[in-house]
There are 2 protein chains.
Amino acid sequence: MSNLTNRERKIPSDHASGSVYRGTPYTDHAAGVLTLTDRYKSVDRQIKAGCDLFRVGERGEGLYSLIDGWVALYNLLDDGRRQILQFALPKSVLAFLPAHGGMMSYGAQALTDTVVGIVPHEDLGQLCRDNPGMGMQLAGLISQDRGLAYDHLSSIGRRSARERVTYLLLELFIRTRMRWPGHRIEEMHLPLTQEDIGDATGLTGVHVNRVLRDLRQDRIAEFHYRRLRILNPDKLIDVAGIDPHVALSWIGNNACDKESSQPQPSVTSTPNICCAVMPRAISRQREAHLP
Amino acid sequence: MSNLTNRERKIPSDHASGSVYRGTPYTDHAAGVLTLTDRYKSVDRQIKAGCDLFRVGERGEGLYSLIDGWVALYNLLDDGRRQILQFALPKSVLAFLPAHGGMMSYGAQALTDTVVGIVPHEDLGQLCRDNPGMGMQLAGLISQDRGLAYDHLSSIGRRSARERVTYLLLELFIRTRMRWPGHRIEEMHLPLTQEDIGDATGLTGVHVNRVLRDLRQDRIAEFHYRRLRILNPDKLIDVAGIDPHVALSWIGNNACDKESSQPQPSVTSTPNICCAVMPRAISRQREAHLP
DNA sequence: CGAATGCTTGAGCTTCATCAACTTCAGTGG
DNA sequence: CCACTGAAGTTGATGAAGCTCAAGCATTCG
């Protein structure tokens, strides 16, 4: 039907997406929405690593929520150039087509074996009527994705290659760390190729490789065959030029139940993401042999 | 409080945002949501051209909907680099903070004199209860914005400077044309500087200038002191490499009331945006003096 | 008319892409 | 266990696309 490329991939089996249903440690919309869609979804669909969940131009079936696995949302240009729009982790909404006839405006490729739940169009209305708050929560969830997209825009549009790559690594690190707080992180699994990183950052795979080499030489981070090691978190954050507010939004700081209007730290005070997410151990681990 | 730059601008008075309240000619969520927010909003806030509606890190007041005027949503990096995330037209939702304590993760600058309606947090719940469909419509609206952001990502990440600039011009042309169908378009007003275009496309103002020069020499389009002339629409679309599906999503093809499941044209058939939006007159107007 | 903002152009330079060859790694089947 | 195969990573040489700096011009607005 369409001539989309579909690079099949073999993925190692120890990826970090095993235990999804432990309670989320942070307040967000995801819990509510995902629990609800759980009840209304028609079937779980299983997709093998490397296959597409859906493609551009296909008719959307309703609301897609990712239950388990890693997924890349992407766009293809006519000549084959590819842009990865987002790396989706479990409990995220992959797509939302509220009505019949809507077409997918981007594709979705499974990076690992994945499970997806789908709530069909016809059930969305009912779901919405039964649970009045649902729509707003969904809006919040999608709004969060939009925020992520905006951050990527800033990164790709205005940052250097080195900044972009470190930014992406750090983002993925923080987001996965939030999903699976128990995991050890000295060496974590990211089911991506360097080419994928390039497609996400607007660079070529070759150049990503060079950037990664420099990061390794500077003892900041290593990425090699789908394995990420963060050697110097502080420097990583520094190079990435992360705005702590942004990082908080990845974690899901929607603060649904904070009704207090007590003055919070002002704009200039920086919530220390590093401390929140990175165990001291790692900071100590290597004292950095810098030039 | 924060050291954001705030370039004041003088804007000519003949910008195209005068008659907002004529009925929308296309089916979308905007109509429903905006009519509702109209009833619940606390006050209209008026902002002069060049001023910020809100800034990064400020506490959000609830749901912001743009009633009249042009607004640029933007991000700033530490060193002053700026990325424009979206140009918002009337009837769009600028921001949506569902709960207290949420911070704006991007800024919004008025490009013209603007009017904004705000529905405070406390009224959002009530609005939602009174109008059950509202949440979903809002979700659809935000989802549409996310789609726009994804398109910009593809553009900035994978296209050449020439493609990016033409893409942006065409997008803005189509979106404004959809809002104000009656306007003549041979020469339309875009309240942007070349620097703004650069900040939106991830280029420098200087380079945007060079690209615009080439487009002028190739008799494709002219942009000069906030005035856009499209000389050769067909070529413009060609250079921009626009996917017609994408263009349709700008127009708002959510197809809310199309319940028919009759087979629609397949993916490969290209809905002709050019025909839908561009009057033949323009195509004829210049036969193109090409090299 | 004057000031301020925005546009235009050139020269030199940096960053990143392209091409191509080579190496390493992971999975497969003997 | 090894050899084999295909995918992914690595490196160098070369060039193009776009940035920076700097100076001068045009347009708008008061």
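Below, chains carry the letters A, B, ... as their sequence lines are ordered, and counting in each starts from 1.
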Whole angstrom is fine here: how far is it from [atom1] in [X] over to [atom2] in [N]?
X: B:E222; N: D:dA26; atom1: CD; atom2: P; answer: 17 Å
X: B:H207; N: C:dG10; atom1: NE2; atom2: P; answer: 15 Å
X: B:R162; N: D:dA16; atom1: CZ; atom2: P; answer: 17 Å
X: A:D199; N: D:dA8; atom1: CG; atom2: P; answer: 12 Å
X: A:L190; N: D:dA8; atom1: CG; atom2: C1'; answer: 16 Å
X: A:R81; N: C:dA17; atom1: CZ; atom2: C1'; answer: 12 Å
X: B:L203; N: C:dT15; atom1: CG; atom2: P; answer: 17 Å
X: A:R158; N: C:dC16; atom1: CZ; atom2: P; answer: 14 Å

Please determine whether a side-chain nitrogen or oxygen atom of A:T204 lies at a distance below 4.0 Å from atom OP1 or OP2 of C:dA17.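 Yes.
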
Please list, chain by chain and in numerical order, all residues satisfying side-chain hydrogen bond (donor to acceptor under 3.5 Å, both in side chains) with [X], sequence neighbours excluded.
X: B:R162; answer: B:D218
X: A:Q194; answer: A:N209
X: B:S154; answer: A:N75

Using a 4.0 Å heavy-atom cut-off, does A:G202 contact any base of the nucleic acid, only the sugar-phosphate backbone, or nothing at all?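 Result for A:G202 = sugar-phosphate.
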
Check side chain to side chain contact (heavy atoms under 4.5 Å, CB included) between B:R81 and all other residues, then give those that pass, not counting sequence neighbours.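 Here the qualifying residues are A:R158, A:E163, B:L77, B:D79.
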
Does any pair with a residue in residues 202-214 of chain B pass salt bridge (Lys or Arg N to Asp or Glu O under 4.0 Å), and if so which ones, sequence neighbours excluded?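 Checked against salt bridge (Lys or Arg N to Asp or Glu O under 4.0 Å) - neighbours excluded - no pair reaches residues 202-214 of chain B.
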
Sequence-distant partners of A:F223, ring-ring contact (aromatic ring centres under 6.0 Å, His included), two or more places apart: none

Sequence neighbours left out, what passes ring-ring contact (aromatic ring centres under 6.0 Å, His included) with B:Y64? Give chain and number order.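 ring-ring contact (aromatic ring centres under 6.0 Å, His included) check on B:Y64 returns B:F54.
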
Distance alone, cut at 3.5 Å: any donor-acceptor contact between the side chains of B:Q86 and A:Y150? yes

Let me see the working for B:E187 and B:R229 under salt bridge (Lys or Arg N to Asp or Glu O under 4.0 Å), right down to the final yes or no. CA-CA 5 Å; B:E187 186 168 351; B:R229 287 176 66 105; 3.2 Å; yes

Polar atoms only, N or O, under 3.5 Å: list the protein pairs with nucleotides 7-9 of chain C and their distances.
residue: C:dC7; atom: OP2; partner: B:Q194; partner atom: N; Å: 3.2
residue: C:dC7; atom: O4'; partner: B:Y225; partner atom: OH; Å: 3.4
residue: C:dT8; atom: OP1; partner: B:H224; partner atom: ND1; Å: 3.0
residue: C:dT8; atom: OP2; partner: B:Q194; partner atom: NE2; Å: 2.9
residue: C:dT8; atom: OP2; partner: B:N209; partner atom: ND2; Å: 2.5
residue: C:dT8; atom: O5'; partner: B:N209; partner atom: ND2; Å: 3.2
residue: C:dT9; atom: OP2; partner: B:R213; partner atom: NE; Å: 3.1

In degrees, rounded to 10°, what is the bend between the two ends of the helix from C:dC1-D:dG30 to C:dG30-D:dC1, using five pairs at each?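 The value is 50°.
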
